[in-house]
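Residue numbers begin at 1 in each chain, while the letters A, B, ... track the order of the sequences.
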Amino acid sequence: MADMGGGKKGAPRVDMTPMVDLGFLLITFFMLTTTMVTPKTMEIIKPAKPEKEDDRPPVKQSKTLSILLGENDKVYFYTGSDDPKDAAQLKVDSADFSQKGIRSTIQTRQEQVAAQWGNKDELVVLIKAMPTSKYKNMVDILDEMKIDQVKQYALVDLDKIDTVIMQSVHALK
Amino acid sequence: MPKIKIKRTNITTDMTAMCDVAFLLLTFFILTTKFKPNEPVQVDIPASKASIELPKKDIMLLTVDTAGRIFFGVDDQVTREALLSKLAINHNLKITTEMMKKFKNMEQFGVPIEQLPALLELSPEDVSKYRQPGIQVGDVHAKPGRDSVANQLGELVIAGRTINNKIRIAVKGDKDAHFREVEKIIETLRATKTNIFNLITSEKSKAQ
């Protein structure tokens, strides 16, 4: 029998280049559309609503730090009295959300409380947000509570004194 | 002098291995990808250092956008179906099977309950074009069906929780949303005795 084509028997070669091209094209597409980050969440546990109003246990003023969320990522904080008459003597400071801002304030306050009451966890941070405060700032301050390991904090309504403070802050501008 | 013969051969690289890798990666991306659901609002969520991952199912999502509109959504199609039937009974809505189908694919909505049939009549393109006004919150402490300015958000939350008691509530707020609206949600949740909920945030890098 005649030798057909010299008897060279090789596996038939398929040009893979277009297939690879296509493969990588699709990879690129899926890589760009995929979202790898899963959202994280912050768990908020609110106390159950008291049956009667003003069922809140009183907190000693010397254990508190009130933080007001102002505009332009500013926070205002003070320690002290609930009496609107004292608004003039009250020392209100402002800070921002940087490391040297509110974080150091909270830490200083924790030390003060620790010196006075023996434990830094005695500190109660009262977070007061204005209706127009940014949601971002609320998340930031709650995050700050976690970072500084403040054990007791609460989102509370504005007192009379807080309204006075915010008004004077706005008046100063 | 004899010429040195240079053997010319076509350089052919074996593409098989490369092809294998490409398709392996392709399979991986196809399997892991999850297309972004068609959301009626775009929200830019704030970042935090919180590290708890949001569970993938049994989620009730309350979204607040920059304008303060509130949107409601449940993640599961079965829950959605039950929710719509429940709302239809409570509000005397006429819901066709066609509407039900659309509602099952609707991630979130932000219209007063009475306007749901009208919203569901629209084609998907029109739904995305239509600016939804947001869920009616009204008086936070109003009881459903009894007061004039009903708190429909509260009603939806209660309905969602009765249908699926494992459901978790997640609040997804825009960075620039006002606290006023978030407070409304918090108060509504408290009024419905939902004292545990989650705030959805993105991850913040360690350095910040």
Side-chain angles (χ1 to χ4, degrees), chain A residues 11 13-50 69 71 73 97-99 127-147 155-158, chain B residues 12-16 18-26 28-36 44-56 64 168 170-183 186-187 189-191 193-204 208:
Chain A
R13 284 207 160 266
V14 188
D15 188 10
M16 290 277 199
T17 325
M19 194 167 162
V20 175
D21 284 354
L22 184 76
F24 275 100
L25 183 79
L26 286 170
I27 288 178
T28 326
F29 172 70
F30 278 102
M31 261 172 89
L32 293 179
T33 50
T34 203
T35 41
M36 281 294 201
V37 275
T38 45
K40 300 281 189 243
T41 109
M42 209 183 239
E43 199 167 53
I44 305 287
I45 304 173
K46 279 282 222 177
K49 239 190 164 75
L69 305 181
E71 280 166 2
D73 294 336
F97 283 101
S98 67
Q99 205 118 47
I127 302 163
K128 296 166 182 186
M130 311 271 294
T132 49
S133 298
K134 293 274 160 68
Y135 171 67
K136 175 179 178 277
N137 293 154
M138 183 189 118
V139 170
D140 284 342
I141 199 80
L142 290 175
D143 200 25
E144 206 63 48
M145 294 297 115
K146 277 265 166 59
I147 295 166
L155 258 176
V156 293
D157 294 335
L158 274 90
Chain B
T12 44
T13 28
D14 190 11
M15 288 277 196
T16 325
M18 196 172 165
C19 194
D20 284 352
V21 175
F23 276 92
L24 183 77
L25 283 171
L26 183 61
F28 170 73
F29 280 107
I30 288 180
L31 292 179
T32 52
T33 205
K34 199 183 147 199
F35 285 97
K36 258 195 187 154
D44 187 7
I45 53 173
S48 84
K49 288 200 176 126
S51 52
I52 315 166
E53 249 175 55
L54 188 72
K56 289 208 168 56
V64 189
R168 279 159 174 274
V171 179
K172 185 178 179 185
D174 193 283
K175 267 182 190 169
D176 295 323
H178 283 162
F179 177 68
R180 196 191 298 131
E181 276 77 27
V182 182
E183 193 185 24
I186 296 175
E187 283 307 313
L189 291 176
R190 289 188 76 191
K193 298 201 168 63
T194 315
N195 290 316
I196 303 178
F197 51 90
N198 297 279
L199 302 180
I200 299 183
T201 58
S202 62
E203 210 166 357
K204 199 187 253 181
Q208 271 174 296

Legend entry - Heavy-atom proximity to chain B below 4.5 Å, by part of Leu155(A): side chain

Inset, instruction - Write down the atom of Tyr135(A), the atom of Ile200(B), and the distance for their closest heavy-atom approach. - result: OH-O, 4.4 Å

Side chains of residues 174-181 of chain B: which donor-acceptor partners sit under 3.5 Å, not counting sequence neighbours?
{"residue": "Asp174(B)", "atom": "OD1", "partner": "Asp176(B)", "partner atom": "N", "Å": "3.0"}
{"residue": "Asp174(B)", "atom": "OD2", "partner": "Asp44(B)", "partner atom": "N", "Å": "2.9"}

Legend entry - Close side-chain approach of Thr41(A) and Glu53(B), heavy atoms under 4.5 Å: no

Inset, instruction - Report the option among Leu69(A), Ile27(A), Thr132(A), Ile44(A) that has the most heavy-atom pairs separated by less than 4.5 Å from atoms of chain B. - result: Ile44(A)

Legend entry - Nearest non-hydrogen partners of Leu26(B) and Gly23(A), listed with the distance: CD1-O, 4.3 Å

Legend entry - Under 3.5 Å donor-acceptor, Asp143(A) side chain and Lys49(B) backbone: yes

Legend entry - When Ile186(B), Ile45(B), Leu189(B) are compared by non-hydrogen pairs under 4.5 Å with chain A, the top option: Ile186(B)

Inset, instruction - Could you look at Thr194(B) and say if it's the side chain, the backbone, both or neither that has a heavy atom under 4.5 Å from chain A? - result: neither

Legend entry - Winner by heavy-atom pair count (cut-off under 4.5 Å) against chain B, out of Thr28(A), Thr17(A), Ile45(A), Leu142(A): Ile45(A)

Inset, instruction - Report yes if the side chains of Met19(A) and Met18(B) come closer than 4.5 Å at any heavy-atom pair, otherwise no. - result: no

Inset, instruction - Kindly compute the distance separating CG (Leu22(A)) from SG (Cys19(B)), expressed to the nearest 0.5 Å. - result: 9.0 Å

Inset, instruction - Using the side-chain contact (heavy atoms from CB on, under 4.5 Å) rule, take Val182(B) and Met138(A) through it: C-alpha gap first, then chi angles, then the decisive distance, then the call. - result: CA-CA 10 Å; Val182(B) 182; Met138(A) 183 189 118; 4.0 Å; yes

Inset, instruction - State, with a plain yes or no, whether a side-chain heavy atom of Glu43(A) is found less than 4.5 Å away from one of Ile52(B). - result: yes

Legend entry - Under the side-chain contact (heavy atoms from CB on, under 4.5 Å) test, residues paired with Leu25(A) that sit two or more places apart: none

Inset, instruction - Identify the two heavy atoms, one from Asp140(A) and one from Ala47(B), that lie closest to each other, and give their separation to 0.1 Å. - result: OD1-O, 3.9 Å

Inset, instruction - For chain A, find which of Ile30(B), Val21(B), Leu25(B), Asp20(B) contributes the most heavy-atom pairs closer than 4.5 angstrom. - result: Ile30(B)

Inset, instruction - Considering non-hydrogen atoms only, spot the tightest contact between Val139(A) and Pro46(B) and give its length. - result: CG2-CG, 3.8 Å

